[in-house]
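The block underneath contains the structure these notes are about, expressed in structure tokens.
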Amino acid sequence: MNNFIKENLDRIEERISNACLKSGRSRDSVTLIAVSKTKPIDTIMEAYEHGIRLFGENRVQEMLDKETEMPKDINWHLIGHLQRNKAKQVIGKTCMIHSVESVELASNLSKYSLESDIVTDVLVEVNIAGEASKYGVAPENLRQFIRQINSYNGIRIRGLMTVAPFTENQEDNREYFRKMRQLSVDIKAENIDNVYMDFLSMGMTGDFETAIEEGATHIRIGTGIFGNR
Ligand SMILES: *Cc1c(COP(=O)(O)O)cnc(C)c1O
């Protein structure tokens, strides 16, 4: 075993701290989610052994398999597209679902959560750049969407999530992160029942510093920790 993952984690941690410093934020206002999709358990366990307890997966079955095999003090974040017919399987297995973008999915998640006597934290995925290839609610439909799902008592709408465009230069995504932050602030100000807007999940390996500067509370880093997939 080499120190590849430890060194990556140290480097990422330093970059997070610097971005926090630069933007006058405290380090603990930013939560790092290690995106472990496609990576085998022994690799993920190296990150675990270096203190990581939050992991992100984008496929239901893969997350459930890893959840079964790995230590129980891990919190699993479901960050990928979730089909509504798989909603039941994930209830109680994930601490937050980042990718709610349809009323039917929200309804199913709520129903199965209530059946299990729990409330599931969710984020609404926003397609902030209007990319045809991306999931998410269009920014102009967001308010109406949130008002369609806020009465589902089995979910708590904790905030917003986006996957910004792929770019070589993270400065290009600043405008999108800024728009996300503004949407979040505006919706929070409406004081809608069951809508908290205290979380903003944005920023990946290629753009997390800019996301932090623009207000991300959760960053999702895969390649920067585990290497290429
Ligand atoms: C894969 C993935 C990430 C991590 O991407 P990296 O560029 O490897 O850091 C973050 N968010 C989502 C939704 C993903 O699917």
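Numbering of ligands and ligand atoms starts at 1, following listing order. Every heavy atom of this structure was used, including side-chain atoms; hydrogens, water molecules and symmetry mates were not.
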Task: Those residues that, when tested against Phe166, pass ring-ring contact (aromatic ring centres under 6.0 Å, His included) (two or more places apart) - done: none
Open item on the list: Could you check whether Ser201 and His98, counting side-chain N and O atoms only, form a donor-acceptor pair closer than 3.5 Å?
Closed with: yes
Which pairs would a plain distance check flag for residues 128-136, meaning a side-chain donor or acceptor within less than 3.5 Å of a matching protein atom at least two apart in sequence or in another chain?
| residue | atom | partner | partner atom | Å |
| --- | --- | --- | --- | --- |
| Glu131 | OE1 | Lys134 | NZ | 2.7 |
| Lys134 | NZ | Ala164 | O | 3.3 |

TODO: At a heavy-atom distance under 4.0 Å, which protein residues reach ligand 1? Sort them by chain and number, would you?
DONE: Val35, Lys37, Ile79, Met161, Val163, Met204, Thr205, Arg220, Ile221, Gly222, Thr223, Arg229
Task: Validation row, ring centre Phe55 to ring centre His77 under 6.0 Å - done: no
Open item on the list: Taking CG in Asn85 as the centre, count heavy atoms belonging to other residues, nucleotides or ligands within less than 6.0 Å. Is the count above 12?
Closed with: yes
Task: With sequence neighbours excluded, residues passing ring-ring contact (aromatic ring centres under 6.0 Å, His included) with Phe145 - done: none
